[in-house]
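Would you mind keeping the following structure in view while I ask a few things?
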Amino acid sequence: MLDIKFIRANPDKVKEALEKRGYKIDFEEFLSIEEKRLELLRDIEQKRALRNSVSQEIAFLKKSKDDSSNIDKLISEMRNLGDQIASLEQKLREIEERVQNFIFFLPNIPHPTVPVGKDENENVEIRRWGEPPKFDFEPMNHWDIGEILGIIDFERAGKIAGSRFAIMKGLGARLERALINFMLDLHTKKGYIEVFPPLLVNKNSMIGTGQLPKFEEDLFKVADPEFYLIPTAEVPVTNIHRDEILSEDDLPIYYVSYTPCFRKEAGSYGKDVRGIIRQHQFNKVELVKFVKPEDSYEELESLTQDAEEVLKLLKLPYRVVSLCTGDLGFASAKTYDIEVWLPGQGRYREISSCSNFEDFQARRANIRFRRKNKKGTEFVHTLNGSGLAIGRTLVAILENYQQKDGSVLVPEVLIPYMGLDIIR
RNA sequence: GGAGGGGUGGCCGAGUGGUUUAAGGCGGCGGUCUUGAAAACCGCUGUAGGGUUUUCCCCUACCGGGGGUUCGAAUCCCUCCUCCUCCGCCA
């Protein structure tokens, strides 16, 4: 959420920034509604002030047993004033809802260093690491490898759930678990605090991180009682500190969280229909940071490096791209995607997305901090990034470590977690 | 699922319709005293919005969320959330 005062003072700046993202927004109408809102607010507050002072006067008169007809007159006047206030308040509620709706649907303003562009084709590559492996045979897709080794079962998953589900079996299931443990161990050693949060959350949490109200169609929802399944650990973990005022000493806060994630993948029909690249349910280890505003861009760099570290240790080739303005997520001010090399597809595919949301989520979720020896509060900056998506890491291992005979070597760092060095 | 008891500022905790402008305490900040510190004593103390305009003041809202009664609600009513205790059921 953007600061309403900032929008009021700089409508042109906001408009220009959001146009870079492909949003065309009419601020004229908003500004006139907002002006009406303030007018109404001033009127109501004035009337409330009058009622408060007269009510106190009534109490005073009653105590001194003064002329009772005068009291009756004041009471009936105030009854009348009360009715007026009530009807104005009703109007105010309506207008506030319109203002809030407008603001809720505005995306974050991109950071100046974000490349301007229309869509993902204009993302800018920042760096590469590692060399794509060379095979003296035709490398297979992970779904073929998985099926041949008997470690991924798509057909039976379709029977028990549907498409975009998979059963991990035997060493496949163990590899999934090994990756989770390896990543959690790595990140906790770097000072991230491990959390395992609720996977079902309430509406306010989804609003706090920006999934609602705009992206309801992407979410799985359960009714009675109403909950949403988390699409990423970002949601419950960022909301840990919703409506809190932290002290400066608490910051920065680093969390690492392994959770299953649930996404409808509406609008991606026909994309990645085979394999486990795009599933309704997948595991992910997520990194979440709460930091002081002046540190957040440094923290984005180190967050991205922490995610890259996983791929370096697994010896999987990857590249880092800076998302352009047109490809940036709704709540993000700047995002680096990490893309891992997949021999089966002959290209780099997203395996992590590291974002600085600045105060966009913090304002929505009301997460503030107080500086020492300074009055008032400020919003924290929040960041998060996958460290990493488990399923896609597993895909990358199967495809990059495959051998001619169909077996798959286990990356060295995973051998202690797997208890063996080859999957066959 | 049944019965009962709670939710008040950074924390503890009083407050059952009107000088409550949320008592009191703890913590924190500043000061006096002191060689220094402690103790003691004195003063200050939240958030958001609006106005005024310069940091002086004024107004409004906030006592778990929402709604209602009333001239007036932390206080009364309705409803939801949540925590605790006991019973039942349960991995």
Side-chain angles (χ1 to χ4, degrees), chain A residues 1-9 30-100 102-103 196-208 212 222-228 236 239-251 253 260 290 359 362-380:
Chain A
M1 185 161 69
L2 301 178
D3 183 4
I4 190 164
K5 282 191 205 162
F6 182 81
I7 302 173
R8 225 151 56 197
F30 164 74
L31 289 173
S32 85
I33 296 172
E34 170 63 1
E35 185 46 47
K36 226 180 280 171
R37 184 183 72 86
L38 289 179
E39 236 170 75
L40 205 50
L41 187 66
R42 283 190 286 264
D43 191 19
I44 288 172
E45 288 190 347
Q46 208 175 2
K47 287 186 162 65
R48 284 206 278 234
L50 178 64
R51 181 176 65 183
N52 287 346
S53 70
V54 174
S55 290
Q56 223 168 349
E57 197 185 330
I58 290 169
F60 203 76
L61 289 175
K62 276 201 170 171
K63 214 158 226 175
S64 61
K65 295 198 171 70
D66 219 329
D67 171 23
S68 67
S69 69
N70 192 30
I71 293 176
D72 291 345
K73 191 180 144 233
L74 286 176
I75 287 178
S76 90
E77 273 174 23
M78 285 308 102
R79 188 177 296 144
N80 192 276
L81 185 65
D83 291 345
Q84 283 179 45
I85 290 172
S87 91
L88 290 174
E89 281 172 342
Q90 178 58 34
K91 258 193 210 163
L92 183 66
R93 269 195 293 273
E94 284 163 21
I95 217 165
E96 272 175 344
E97 207 187 309
R98 289 175 69 187
V99 168
Q100 204 189 34
F102 180 85
I103 301 231
F196 188 72
L199 308 180
L200 294 171
V201 302
N202 58 36
K203 199 171 194 164
N204 278 340
S205 295
M206 287 293 183
I207 291 172
L212 289 179
V222 299
D224 197 28
E226 188 179 291
F227 287 114
Y228 293 87
N239 276 282
I240 287 174
H241 296 295
R242 171 149 53 90
D243 293 319
E244 288 186 15
I245 301 175
L246 303 164
S247 81
E248 188 174 7
D249 294 336
D250 296 332
L251 300 174
I253 299 173
F290 300 81
D359 63 5
R363 181 171 287 109
R364 282 188 172 226
N366 196 26
I367 307 168
R368 294 167 292 173
F369 77 105
R370 216 188 300 271
R371 287 189 200 271
K372 281 179 169 176
N373 305 319
K374 216 174 160 194
K375 261 186 106 93
T377 61
E378 289 174 56
F379 290 110
V380 302

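Lettering of chains follows the sequences in order, A, B, ..., and the numbering in each one begins at 1. Predicted, not measured: the structure shown is a model, and the values here were computed from it. Computed over heavy atoms, backbone and side chain alike; hydrogens, waters and symmetry mates excluded.
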**Request:** Give me the ring orientation class for A/Phe30 and A/Phe102: parallel if the planes are under 30° apart, tilted from 30 to 60°, perpendicular past 60°.
**Result:**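 Parallel.
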**Request:** Take the protein atom CG of A/Asp43 and the nucleotide atom C1' of B/G49, then report the distance between them rounded to whole Å.
**Result:**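 Value for this atom pair: 16 Å.
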**Message:** Any side-chain N or O of A/Arg42 below 4.0 angstrom from OP1/OP2 of B/G49?
**Reply:**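 No, A/Arg42 has no side-chain N/O under 4.0 Å of OP1/OP2 on B/G49.
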**Request:** Determine the contact category for A/Gln56: base if any of its heavy atoms lies under 4.0 Å from a base atom, sugar-phosphate if only primed atoms, P, OP1 or OP2 are that close, otherwise nothing.
**Result:**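 Result for A/Gln56 = sugar-phosphate.
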**Paired stretches of RNA chain B - 3 or more consecutive Watson-Crick or G-U pairs, each distance under 3.5 Å** =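 Correct response: B:1-7 with B:81-87, B:10-12 with B:24-26, B:27-32 with B:40-45, B:46-51 with B:57-62, B:64-68 with B:76-80.
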**Asked** For the pair made of CG in A/Asp243 and P in B/G9, what is the distance, rounded to whole Å?
**Response**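 Going from A/Asp243 (CG) to B/G9 (P), I get 14 Å.
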**Message:** Taking the C1' atom in each of B/G5 and B/G10, what is the distance between them to the nearest angstrom?
**Reply:**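 Nearest-Å result for B/G5 against B/G10 at atom C1': 26 Å.
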**Request:** Specify the separation, in whole Å, of atom CG of A/Asn366 and atom P of B/A48.
**Result:**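 To the nearest whole Å, that distance equals 9 Å.
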**Distance, C1' atom - from B/C84 to B/C29, rounded to whole angstrom** =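 36 Å, rounded to whole Å.
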**Item:** Flag if over 12 foreign heavy atoms under 6.0 Å of CD, A/Glu226
**Value:**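 Count over threshold, so yes.
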**C1' gap between B/U75 and B/A22, integer Å** =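 Here B/U75 and B/A22 have their C1' atoms 12 Å from each other.
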**Prompt:** Quick one: do A/Asp43 and A/Lys47 make a salt bridge, cutoff under 4.0 Å?
**Reply:**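 A/Lys47 and A/Asp43: salt-bridged.
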**Asked** If we take the P atom in both B/U8 and B/U20, what is their distance in whole Å?
**Response**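 Going atom to atom, P in each nucleotide, I get 23 Å.
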**Message:** Heavy atoms only, 4.0 Å cut-off, all strands: where does A/Arg8 land among base, sugar-phosphate and nothing?
**Reply:**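 Sugar-phosphate: the residue A/Arg8, judged by heavy atoms under 4.0 Å, touches backbone atoms but no base.
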**Item:** B/A48 to B/A38 separation - C1' atoms, rounded to the nearest Å
**Value:**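 The answer is 40 Å between these two C1' atoms.
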**Basic-acidic side-chain contact under 4.0 Å: A/Arg48, A/Glu89** =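 Looking at A/Glu89 together with A/Arg48, the answer is yes, because their closest N to O distance falls below 4.0 Å.
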**Prompt:** Pick the nucleotide of RNA chain B nearest each of A/Met78 and A/Ile245; which residue has the one closer to the 5' end?
**Reply:**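 Result: A/Ile245.
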**Item:** Separation between the C1' atoms of B/C12 and B/A23, rounded to whole Å
**Value:**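 Each nucleotide's C1' atom is 14 Å from the other's.
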**Item:** Nearest-angstrom distance from the residue atom CZ of A/Arg370 to P of B/G28
**Value:**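 It works out to 15 Å between those atoms.
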**Asked** Hey, does A/Lys5 reach any base, or is it just sugar-phosphate, or nothing, if we go heavy atoms under 4.0 Å?
**Response**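 Since only primed, P, OP1 and OP2 atoms lie under 4.0 Å of A/Lys5, the category is sugar-phosphate.
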**Asked** Is there a donor-acceptor contact under 3.5 Å linking the side chains of A/Asn52 and A/Gln56?
**Response**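 On atom types as modelled, these side chains do not qualify, holding no pair under 3.5 Å.
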**Nearest-Å distance for atom pair CD1/C1', residues A/Ile71 and B/G18** =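 Rounded to whole Å, this separation is 12 Å.
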**Message:** On the nucleotide B/C71, are OP1 or OP2 found under 4.0 Å from the side-chain N or O atoms that A/Ser76 carries?
**Reply:**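 For A/Ser76, the contact criterion (side-chain N or O under 4.0 Å from OP1 or OP2 of B/C71) is not met.
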**Request:** Measure from CG on A/Asp249 to P on B/G28 and round the result to the nearest Å.
**Result:**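 Between P of B/G28 and CG of A/Asp249: 13 Å.
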**Message:** Under a 4.0 Å threshold between the charged nitrogen and the carboxylate oxygen, would A/Arg42 count as salt-bridged to A/Glu35?
**Reply:**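 Salt bridge between A/Glu35 and A/Arg42, a charged N being under 4.0 Å from a carboxylate O: yes.
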**Prompt:** Can you tell me how far P in B/C77 sits from the matching atom in B/A73, rounded to whole Å?
**Reply:**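 Their P atoms lie roughly 16 Å apart.
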**Asked** Could you state the CD-P distance from A/Glu34 to B/G49, rounded to the nearest angstrom?
**Response**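 That distance rounds to 12 Å.
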**Asked** For A/Ser205 and A/Asn202, does a side-chain donor sit closer than 3.5 Å to a side-chain acceptor?
**Response**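 Side chains of A/Ser205 and A/Asn202: pair found under 3.5 Å.
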**Asked** Just by modelled atom types, is the A/Ile207 backbone N or O under 3.5 Å from a matching donor or acceptor in the A/Arg364 side chain?
**Response**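 Looks like yes, one N/O pair under 3.5 Å.
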**Request:** Check whether any side-chain N or O of A/Asn239 sits under 3.5 Å from a backbone N or O of A/Pro236 as a donor-acceptor pair, and report yes or no.
**Result:**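 No.
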Pairwise N/O distances under 3.5 Å, protein to nucleotides 58-63 of chain B:
from	atom 1	to	atom 2	distance (Å)
B/U60	OP1	A/Asn52	ND2	3.0
B/U60	O2'	A/Arg48	NE	3.3
B/U60	O2'	A/Arg48	NH2	3.2

**Request:** Using a heavy-atom cut-off of under 4.0 Å over every strand shown, decide if A/Leu81 touches base, sugar-phosphate, or nothing.
**Result:**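 Result for A/Leu81 = nothing.
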**Asked** Do you know which two heavy atoms are closest between A/Ile33 and A/Arg98, and how far apart they sit?
**Response**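 That would be CD1-NH2, 3.2 Å.
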**Asked** Checking A/Arg37 side chain against A/Ile95 main chain: does a donor-acceptor pair fall under 3.5 Å?
**Response**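 No, the answer is negative, given that no donor and acceptor are paired below the 3.5 Å cut-off.
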**Request:** Quote, to the nearest angstrom, the P distance that separates B/U53 from B/G15.
**Result:**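 About 45 Å, rounded to a whole number of Å.
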**Prompt:** If you look at every strand shown and take non-hydrogen atoms under 4.0 Å, does A/Leu41 touch a base, only sugar-phosphate, or nothing?
**Reply:**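 Sugar-phosphate: the residue A/Leu41, judged by heavy atoms under 4.0 Å, touches backbone atoms but no base.
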**Message:** Assuming nearest nucleotide by heavy-atom distance, tell me which of A/Ala59 and A/Arg93 is located more 5' along RNA chain B.
**Reply:**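 Nearest nucleotide further toward 5': that of A/Ala59.
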**Prompt:** Within this structure, what is the CD-to-P distance between A/Glu89 and B/G66, rounded to whole angstrom?
**Reply:**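 Going from A/Glu89 (CD) to B/G66 (P), I get 13 Å.
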